[in-house]
Amino acid sequence: TVAVEGGCVFQLIGSSTWVLMYDMYMDGKYQFTTSTDLQNFKVASTPSSFDFAPRHGTVIPITAVEKAALNTKWNPASIAGAHGMTDFDVRFDATRNVVIVQGVGDSPFEVGVRDLSGKLALKGKARPGGSEVDLSGLASGVYSLECATGGATRRVTRFVVP
């Protein structure tokens, strides 16, 4: 019922769901709709929000290495620790399919990896000096890495397993 332009269709990784996004240029925002048959679309129930002024956006797949390089160059706030996460340092090594977690202090801490539904996919303890979490057993998809110490869980970052 409103004017739109610049549509883009992409499939969610590891899913039968397709997303159609388009520029609602009169309203100055994008809208996302979802479908499983590419014929019937519903407006996505999860609102989207991002600091992105250019119009006619698109979605393309990138590797973890490409994401890290883009974030290093153009989005330094995405680096672990930049969001108040001073207790943990997180680095991804896509070539070895591991995440390296290092904590501050003397005590070991809990590390958990959850899928998008919140289900715990991996759990373990990490040493303050640094520990590796092997991601090779995870199916392709988006996950969140959580570190907990002193009874508080802190969601450090999300990452994609190709």
Side-chain angles (χ1 to χ4, degrees), residues 8-21 29-36 42-53 57-162:
C8 170
V9 177
F10 58 94
Q11 189 174 21
L12 295 178
I13 296 172
S15 170
S16 62
T17 300
W18 291 84
V19 176
L20 166 63
M21 67 178 261
K29 66 180 183 180
Y30 287 96
Q31 186 169 62
F32 297 81
T33 61
T34 59
S35 172
T36 55
K42 295 188 317 186
V43 174
S45 59
T46 305
S48 60
S49 173
F50 44 86
D51 183 15
F52 186 70
T58 191
V59 174
I60 60 170
I62 61 173
T63 66
V65 171
E66 291 167 329
K67 178 183 176 186
L70 288 167
N71 277 329
T72 299
K73 174 72 175 175
W74 301 107
N75 189 17
S78 71
I79 299 169
H83 298 290
M85 295 303 300
T86 56
D87 296 326
F88 305 100
D89 180 40
V90 178
R91 291 178 288 124
F92 292 92
D93 183 341
T95 59
R96 294 179 35 235
N97 208 17
V98 300
V99 62
I100 301 142
V101 184
Q102 186 172 7
V104 175
D106 300 329
S107 302
F109 54 94
E110 298 288 326
V111 175
V113 174
R114 294 186 183 274
D115 64 19
L116 281 181
S117 71
K119 181 181 174 188
L120 191 63
L122 291 173
K123 183 179 177 182
K125 287 206 179 277
R127 298 181 314 277
S131 295
E132 293 184 355
V133 178
D134 182 6
L135 305 175
S136 63
L138 296 177
S140 295
V142 179
Y143 295 87
S144 64
L145 176 77
E146 301 173 348
C147 296
T149 183
T153 299
R154 297 187 181 213
R155 195 165 304 230
V156 174
T157 189
R158 286 192 179 191
F159 61 93
V160 177
V161 173

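For clarity, every value in this text was computed on a predicted model and none was experimentally measured. Starting from 1, each residue takes its place in the sequence as its number. Because only heavy atoms are used, hydrogens play no part in the values below, and waters and symmetry mates are left out as well, while side chains stay in.
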Asks: Return a table of donor-acceptor pairs under 3.5 angstrom between the side chains of residues 11-19 and protein atoms on other chains or two or more places apart.
Replies:
from	atom 1	to	atom 2	distance (Å)
Q11	NE2	S15	O	2.9
S15	OG	T17	N	2.9
S15	OG	T17	OG1	3.3

Asks: Tell me the closest heavy-atom pair linking C147 and V111, and the distance in Å.
Replies: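 That closest heavy-atom pairing would be SG-CG2, 4.4 Å.
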Asks: Minimum heavy-atom separation for S131 and A126, please, with both atom names.
Replies: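 Of all heavy-atom pairs spanning S131 and A126, the closest is OG-CA, 3.3 Å.
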Asks: Might you point out which heavy atoms bring N97 and D134 nearest each other, and give the distance in Å?
Replies: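 In terms of heavy atoms, the two residues are closest at O-OD1, 3.7 Å.
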Asks: Say you draw a straight line from CZ of R114 to CG of L145; how long is it, rounded to the nearest 0.5 Å?
Replies: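 Those atoms lie 11.0 Å apart.
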Asks: Check the pair M21, Q31 against side-chain contact (heavy atoms from CB on, under 4.5 Å), reporting the backbone distance first and the verdict last.
Replies: CA-CA 6 Å; M21 67 178 261; Q31 186 169 62; over 6 Å; no
Asks: Looking only at heavy atoms, which two atoms of L122 and L135 are closest? And how far apart?
Replies: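 Where L122 meets L135 most closely, the heavy atoms are CD1-CD2, 4.3 Å.
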Asks: Identify the heavy atoms of R127 and F109 that sit nearest to each other, and give their distance.
Replies: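 In this case the closest contact between R127 and F109 is O-CE2, 3.8 Å.
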Asks: Find the distance between CG (D115) and CG (L138) and round it off to the nearest 0.5 Å.
Replies: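 Answer for the CG-CG pair, D115 versus L138, is 9.0 Å.
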